[in-house]
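The next block holds one structure in the form of structure tokens; read it before the comments.
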There are 2 protein chains.
Amino acid sequence: MTSEEKAPRPLGDLERVVMEQLWAAPDALTVRRVYEQVSTTRDLAYTTVMTVLDRLQKKNLTERERDGKAWRYRAAAPREEMAADLMRDALDRAGDRREALVRFVDQVSDEEAALLREALAKLEEREG
Amino acid sequence: MTSEEKAPRPLGDLERVVMEQLWAAPDALTVRRVYEQVSTTRDLAYTTVMTVLDRLQKKNLTERERDGKAWRYRAAAPREEMAADLMRDALDRAGDRREALVRFVDQVSDEEAALLREALAKLEEREG
DNA sequence: CGCATCTACGACGTTACGTAGTAGATGCTA
DNA sequence: TAGCATCTACTACGTAACGTCGTAGATGCG
């Protein structure tokens with residue numbers, strides 16, 4: 001517990017753009033599909049997108065399956081899960097968790113505080 | 001608001017070690033002091049520590065003041081504040097905040113959930 | 001069979017960071 | 001006040017991650 005894991009580097013810009021495509025899609029996407037989508041915003045080579053997808057795969061941020069000779073990629077976890085993981089990670093690096101949590105709730109908006117209470121209530125309900 | 005800030009890269013290993021010295025100290029430390037402390041664990045050159053401190057300064061993670069010809073460094077914010085900031089940042093990158101918060105509280109320990117409730121209660125008390 | 005398409009893999013530039021050396025400024029001390 | 005110790009400023013180099021792309025070879029389809 002409270003292990004000394006290495007901090008997951010935040011995604012690079014292009015990596016983020018690509019992940020967003022995957023998160024937005026209901027199904028697994030081919031490289032070409034991602035390439036087409038990303039192309040509407042950035043002028044990139046097909047292989048660039050392929051490389052990025054490949055690196056995301058190596059980082060276990062995606063899963064992929066064969067579709068003929070092509071790969072279809074999907075996000076390994078929903079965006080919100082990744083966000084939650086990063087929050088966890090940040091909390092793990094705090095010295096005093098209580099203090100960190102206090103400071104955290106101190107800086108969230110009222111709306112977010114409400115969502116947090118809601119989430120905690122749901123948790124209590126579920127776990128007793 | 002909800003701007004598209006750049007994700008703060010997590011600290012490098014040595015940067016973290018150095019920040020920990022600063023966080024642990026009640027007052028601002030000279031490079032030499034940090035060097036001495038860090039030296040008990042790692043075999044580094046004095047200038048290496050200086051460089052790291054300098055880079056942390058450029059990233060606004062420290063503040064410094066003159067003391068003769070030397071600089072004295074202190075952490076710009078407590079460790080818990082940085083943790084809270086990283087949590088905020090992670091939350092900002094989530095698509096659906098509600099979902100992200102649900103997933104977050106889902107993975108915290110019972111103890112942490114209790115601390116969170118406590119922090120929220122304190123907040124309510126203070127802000128009504 | 002041949003063309004279009006896909007992957008595999010290597011490559012190069014940039015930036016962050018770990019690491020350190022040198023030169024020159026500066027302050028204390030005999 | 002001359003000189004030594006110490007500090008900063010600046011430069012530099014290696015590595016790793018990432019943005020970016022090209023080439024070569026495998027593969028599926030008409």
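All values below come from the heavy atoms of this structure, side chains included, with hydrogens, waters and symmetry mates left out. The structure presented is a predicted model; accordingly, all values stated were derived computationally and were not measured. Each chain gets a letter, A, B and so on, in the order its sequence line appears, and its residues count up from 1.
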d(NZ, B:Lys69; P, D:dA5) in whole Å: 12 Å

So which atom in B:Arg88 and which in A:Phe104 form the shortest heavy-atom distance, rounded to 0.1 Å? N-CE1, 3.9 Å

A:Leu53 and A:Val34: side chain to side chain contact (heavy atoms under 4.5 Å, CB included), yes or no, with the steps? CA-CA 9 Å; A:Leu53 249 357; A:Val34 175; 4.2 Å; yes

Indicate, yes or no, whether a donor-acceptor pair under 3.5 Å links the base of D:dG19 to the side chain of A:Arg55. yes

When all nucleic acid strands are considered with a 4.0 Å heavy-atom cut-off, which category describes B:Lys59: base, sugar-phosphate, or nothing? sugar-phosphate

Starting at the 5' end of DNA chain D, which residue's closest nucleotide do you reach first, A:Thr48 or B:Arg32? B:Arg32

N-O pairing of B:Arg98 and A:Glu80 below 4.0 Å: no

Just the endpoints, please: which first and last nucleotides of DNA chain C, 5' to 3', lie under 4.0 Å from a heavy atom of chain A? C:dA4 to C:dA11

How close or far is atom P of D:dC18 from atom CG of A:Leu56, stated in whole angstroms? 9 Å

How close or far is atom C1' of D:dA9 from atom CZ of B:Arg64, stated in whole angstroms? 10 Å

Comparing A:Gly68 with A:Gly12, nearest DNA chain D nucleotide closer to 5' gives the residue A:Gly12

Is any side-chain N of the basic residue among A:Asp13 and A:Arg16 closer than 4.0 Å to the acidic one's carboxylate O? yes

Would you mind reading off the distance between B:Tyr35 atom OH and D:dT8 atom P, rounded to a whole angstrom? 14 Å

At less than 3.5 Å, do the side-chain atoms of A:Thr47 and the base atoms of D:dG22 form a donor-acceptor pair? yes

Please state how far atom CG in A:Asp43 lies from atom C1' in D:dG19, giving the value in whole angstrom units. 13 Å

What is the distance, rounded to the nearest whole Å, between atom CG of A:Leu53 and atom P of D:dC18? 14 Å

Side chain of A:Arg64, backbone of A:Asp54: donor and acceptor closer than 3.5 Å? no

Need one value for A:Arg42: base, sugar-phosphate or nothing, where a base atom within 4.0 Å counts as base even if backbone is also close, heavy atoms only. sugar-phosphate

With a 4.5 Å heavy-atom cut-off, do B:Val18 and B:Thr62 have their side chains touching? no

Quick one, B:Gln107 with B:Arg103, criterion side chain to side chain contact (heavy atoms under 4.5 Å, CB included). Give me CA distance, side-chain angles, the key distance, then yes/no. CA-CA 6 Å; B:Gln107 62 181 206; B:Arg103 286 172 186 271; 5.9 Å; no

Give me the bend of the helix from C:dC1-D:dG30 to C:dA30-D:dT1, using the axes of the five pairs at each end, rounded to 10°. 0°

Are A:Glu15 and A:Lys59 within salt-bridge range, i.e. N to O under 4.0 Å? yes

Rounding to an integer number of Å, can you tell me how far A:Lys58 NZ sits from D:dA16 P? 15 Å

Mind checking if A:Thr51 touches a base, just sugar-phosphate, or nothing, with heavy atoms under 4.0 Å? base

Counting only heavy atoms from other residues, nucleotides and ligands, does the tally under 6.0 Å from CZ of A:Arg33 exceed 12? no

